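Report on the following structure.
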Amino acid sequence: MANNTTHTIEYKTLVKILLILLFLTFITISVTSIHLGALTVTVALLIAGAKAYLVLSNFMHLKYESLLLRILVAMVFVLFALILVITFIDYAFR
Amino acid sequence: MSEKTVHVDEHRDDEASKLGMWLFIFTELLLFGGLFLVYSVFRVQYHEAFHQSSLELSVTLGALNTVILLISSMTIAMALTAMQKNDQKRALIFIGITLFCAALFLFNKYFEWGAKFHHGLYPGSELMALLDRGHLLYFSLYFFMTGLHALHIVIGMTLLIVCYFQVKNKKINNKDYVLLENGALYWHLVDLIWIFLFPLMYLIS
Amino acid sequence: MSNTTEKIEYVSYLDHQGKYKGIMSWLMATDHKRIGLLYMYAIITFFFIGVLLGLMMKLELLAPGETIMTAKMYNSVFTLHGILMIFMVVIPGLSAVFGNFFLPILIGAKDVAFPKLNRFSWWIFIVGSIMAVLSQLLKDGPPDTGWTFYAPYSTTTNSNVIMATAAAFVLGFSSILTGLNFIVTIHQMRAPGMKFFHMPLFPWALYATAWIQLLATPVIGITLLMLIAERAFQIGFFDPALGGDPLLFQHLFWIYSHPAVYVMMLPAMGVITEIIPTFCQRQIYGYKAVAISSLAIAAVGFLVWGHHMYTSGMSDQARWFFSLLTFIVAVPSAIKVFNWITTMYKGSIDVQPPFLYALAFIFLFIIGGTTGLLLGSVATNVQVHDTAFVVAHFHYIIFGGMGFAFFAAIHYWFPKMYGRMYDIKLANISLVIKFIGFNLLYFPQFIIGVQGMPRRYFDYPEQFQPAQVISSVGGFILAFGLFLMVYNLVKAAKSGAVAPANPWKGSTLEWQIPSPPSLENFDEAPIIKVNPYDYK
């Protein structure tokens with residue numbers, strides 16, 4: 001049927017993704033106990049970003065969606081990042 | 001029967017429904033985005049207080065909830081796979097597991113919040129009024145953000161319960177599963193937000 | 001999938017008999033055209049309440065000191081005027097009324113993508129509006145914060161702020177759903193063969209608008225929720241007494257409310273872009289530039305919110321940065337103005353009411369836009385911030401721009417919506433009266449604003465009285481012009497002459513179908529190969 005265009009992801013792949021996600025969670029917790037100073041936040045956010053990417057592209061099937069939708073999703077994150085950065089142009093220099 | 005299928009086809013556009021769901025997810029992302037913005041502003045200003053306050057939270061409990069949500073996210077993705085393979089029985093099991101995980105998450109949250117309330121730490125309490133600015137802001141954000149997230153868990157559960165019964169009476173089937181797909185997308189969103197909430201709330205050093 | 005070859009009998013959407021009868025056939029309607037009209041009736045009602053409140057303020061300002069109401073009452077009146085006009089009239093205005101009615105037709109679709117969701121948006125729009133009215137009547141008294149709800153006053157005043165913000169939240173939800181519906185409609189429901197760059201420019205403007213509605217409104221949603229939580233549970237986000245930061249409220253508020261200005265303006269520009277080619281019988285000049293400039297305005301419009309906060313204590317770096325971005329966002333707006341004017345060059349212009357309204361729009365929009373540049377530059381802004389100059393500026397944009405575009409749209413599409421024609425002479429007379437009244441009302445405010453008359457004050461020194469009196473007189477002339485227009489249109493809807501299907505010789509799809517359109521607009525999906533403004 002032409003209507004169902006969603007790609008089928010095998011169980012095995014999903015389990016693999018979960019294992020990576022759990023591993024990343026483990027890392028992010030253990031990194032916190034090492035004192036890296038200001039780097040900790042960066043590392044934590046990078047790992048969270050990687051996890052989000054995995055969830056978006058695999059669990060949410062974004063990997064197999066149209067280019068347009070992928071661009072739109074990226075755009076939303078970029079927009080939020082821009083708003084955050086611009087707000088800090090105020091707070092950082094006050 | 002065949003006539004009916006044709007009729008359904010005419011008014012159905014799965015692509016449109018899915019795009020609609022994604023757009024709705026965008027609004028949810030920016031809803032939480034506003035909160036993350038507030039969080040970042042205050043965290044930069046009261047870094048030390050945020051660190052100290054976060055020590056009050058149990059990392060174990062937070063990590064446990066993270067694992068629970070990640071697993072539930074996988075099982076709901078599996079439910080969709082099962083539906084695509086026309087395996088109704090497995091689909092039901094996977095949705096069931098997801099709902100169980102969701103309930104478990106809420107149970108833990110209840111436990112966590114309950115402990116805070118027990119110590120007199122809740123919005124509007126006398127203890128809150130005694131805290132200094134940084135601590136007060138941290139706990140304000142903690143209750144507001146995790147509370148709003150929990151509300152989304154409840155909404156997601158409702159959606160998945162509907163999906164469960166629709167799968168059961170074959171309204172959602174091998175040929176028409178966009179509702180389950182959208183329910184799953186919403187559930188992943190809840191997971192996605194928690195992925196950021198967990199390190200920002202529980203793991204501040 | 002029916003293979004019936006016989007011609008489907010034409011029944012207009014106004015006469016169509018569905019499952020429901022009488023008033024229910026409207027309240028339960030999923031037809032985008034009926035929903036558009038429902039929005040229109042609701043919005044026009046709110047508009048006239050807003051006009052009455054505005055006239056009350058003008059009466060109060062006739063003389064210094066207390067004239068007809070107390071200062072507290074005056075605060076409530078301008079707050080309600082703002083809430084009504086912003087959240088219930090101009091934000092939904094063009095996109096919910098004419099977007100609903102004409103977007104599907106202009107892209108050759110039967111309806112929007114989610115008709116039931118569309119009906120739901122209208123319902124919650126009404127619920128939100130009722131809540132806004134209730135906030136005035138409940139026992140704690142009407143909110144007196146202004147429509148901006150600035151903290152910490154809004155977190156400490158005793159008036160009904162929670163109800164009013166909850167109303168704004170619900171209205172925002174309605175706006176989000178409309179935007180969502182339009183984006184999916186444009187992506188999925190275009191007629192066969194119609195590429196994005198084959199769409200008329202009103203749908204383009206609606207597309208850009210819908211993205212703003214979708215992405216900006218959640219931010220105000222969460223901000224208002226935080227405000228409510230702060231009032232209800234003493235959670236400290238914005239009130240310094242509770243540890244919060246009032247400037248953060250302003251940031252969050254304007255992250256939505258500045259893009260919201262483009263929710264008002266973009267569809268207005270879209271309407272004008274439809275009207276000008278029709279009455280010049282000429283291809284729009286620079287189709288792609290106009291289409292892309294809509295998206296550019298939406299994109300840059302997201303990033304300029306700070307120009308509302310120059311005097312509130314932001315860092316200098318932020319101030320010049322926002323100023324720079326503000327000047328950038330003026331560029332695509334100017335592109336549109338140049339393109340409208342260039343389209344008229346060597347056109348065979350047919351001077352009809354919609355075209356005259358479009359000209360009035362351009363005139364007023366240029367005044368509003370250029371004074372906006374004065375406000376966008378930090379040095380001049382600091383002088384006139386929160387004065388009557390700002391009031392004049394945004395009324396020239398919102399009322400002179402969006403309002404006159406709404407009047408232009410209603411005069412342009414009226415024969416299509418009702419199948420009848422209004423009195424053209426009376427329409428022109430009412431335009432002239434409104435135009436004179438409008439300029440008398442707001443232009444003096446520029447002058448006294450520069451001289452130092454603050455906004456939102458119910459009292460003023462003697463020296464401002466002549467200008468205030470001119471302004472008040474202008475207000476009543478404008479109101480008379482509005483009354484004349486409504487009289488003309490209501491009379492035409494009831495008993496006007498029957499209008500032909502294409503009275504203005506337009507080339508876009510809505511003019512190719514009967515007036516008023518049938519339930520599903522097209523007997524069969526139109527196939528599109530050429531650009532929408534194909535005049536020989």
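Naming: A, B, ... by sequence-line order, numbering from 1 per chain. Worth knowing before you read on, the calculation uses all heavy atoms, side chains too, and leaves out hydrogens, waters and symmetry mates. Small disclaimer: the values here were computed from a predicted structure and weren't measured.
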(request) Could you check which of B/P199, B/G34, B/S40 has the highest count of heavy-atom pairs closer than 4.5 Å to chain A? (result) B/S40
(message) For the CG atom of A/L21 and the CD1 atom of B/I195, what is their distance to the nearest 0.5 Å?
(response) 6.0 Å
(message) Heavy-atom cut-off 4.5 Å, strictly under: side chain, backbone, both or neither for A/Y91 against chain B?
(response) side chain
(request) With a 4.5 angstrom heavy-atom cut-off, could you sort out which part of B/F94 is near chain A: side chain, backbone, both or neither? (result) side chain
(request) Identify the two heavy atoms, one from A/A52 and one from B/F196, that lie closest to each other, and give their separation to 0.1 Å. (result) CB-CE1, 3.7 Å
(request) Answer with side chain, backbone, both or neither: which region of B/L29 has an atom nearer than 4.5 Å to a non-hydrogen atom of chain A? (result) side chain
(message) Could you check whether any side-chain N or O of B/H188 sits under 3.5 Å from a backbone N or O of A/M60, counting only pairs where one atom can act as donor and the other as acceptor?
(response) no
(request) Pick one of side chain, backbone, both or neither for A/L62, based on which atoms fall under 4.5 Å of a heavy atom in chain B. (result) side chain
(request) Measure distances from A/T28 to the heavy atoms of chain B and classify the residue's part below 4.5 Å as side chain, backbone, both or neither. (result) both
(message) Less than 4.5 Å to any heavy atom of chain B: does that hold for the side chain of A/L72, its backbone, both, or neither?
(response) both
(request) Supply the atom-to-atom distance B/L80 CG to A/T8 OG1, rounded to the nearest 0.5 angstrom. (result) 7.5 Å
(request) Against chain B, label A/V73 side chain, backbone, both or neither, depending on which of its atoms sit under 4.5 Å from a heavy atom there. (result) both
(request) With a 4.5 angstrom heavy-atom cut-off, could you sort out which part of A/F26 is near chain B: side chain, backbone, both or neither? (result) neither
(message) Strictly less than 4.5 Å between heavy atoms, which residues of residues 83-92 of chain B line up against chain A? Please order them by number.
(response) B/Q84, B/K85, B/R90
(request) Could you tell me the separation between the CZ atom of B/F36 and the CD1 atom of A/I83, rounded to the nearest 0.5 Å? (result) 14.5 Å
(request) Could you tell me which portion of B/L185 (side chain, backbone, both or neither) has an atom closer than 4.5 angstrom to a non-hydrogen atom of chain A? (result) both
(message) If I take atom CG from residue A/L18 and atom CE from residue B/M78, how far apart are they, to the nearest 0.5 angstrom?
(response) 8.0 Å
(request) Give the member of A/L24, A/V55, A/L68 that has the highest number of heavy-atom pairs under 4.5 Å with chain B. (result) A/V55
(request) Enter the distance from A/E65:CD to B/K18:NZ here, rounded to the nearest 0.5 Å. (result) 4.0 Å
(request) Please test A/F59 against B/L192 for side chain to side chain contact (heavy atoms under 4.5 Å, CB included), starting from the C-alpha separation and ending with a verdict. (result) CA-CA 10 Å; A/F59 287 174; B/L192 208 59; over 6 Å; no
(request) For residues A/F88 and B/V44, report the shortest heavy-atom separation together with the two atoms involved. (result) CE2-CG2, 3.7 Å
(request) Give a yes or no on this: more than 12 heavy atoms of other residues, nucleotides or ligands lie within 6.0 Å of atom CZ of B/F117. (result) yes
(message) What part of A/T87 gets within 4.5 angstrom of chain B, counting heavy atoms only: side chain, backbone, both, or neither?
(response) side chain
(message) Under 4.5 Å from any heavy atom of chain A, what part of B/L30 do you find: side chain, backbone, both or neither?
(response) side chain
(message) Which heavy atom of B/W22 sits nearest to which heavy atom of A/L56, and what is that distance?
(response) CH2-CD2, 4.0 Å
(request) May I have the step-by-step check of side chain to side chain contact (heavy atoms under 4.5 Å, CB included) for A/V41 and B/R43, ending in yes or no? (result) CA-CA 11 Å; A/V41 194; B/R43 173 161 174 173; 3.3 Å; yes
(message) Quick check on the interface: out of A/I9, A/L79, A/D90, A/I47, who has the most heavy-atom pairs with chain B under 4.5 Å?
(response) A/I9
(request) Could you look at B/L23 and say if it's the side chain, the backbone, both or neither that has a heavy atom under 4.5 Å from chain A? (result) neither
(request) Please list, in residue-number order, every residue in residues 55-76 of chain B that has a heavy atom less than 4.5 Å from any heavy atom of chain A; write 'none' if there are none. (result) B/V59, B/A63, B/T66, B/V67, B/L70, B/I71, B/S73, B/M74
(request) Under 4.5 Å heavy-atom distance to chain A, tell me which part of B/Y202 shows up: side chain, backbone, both or neither. (result) neither
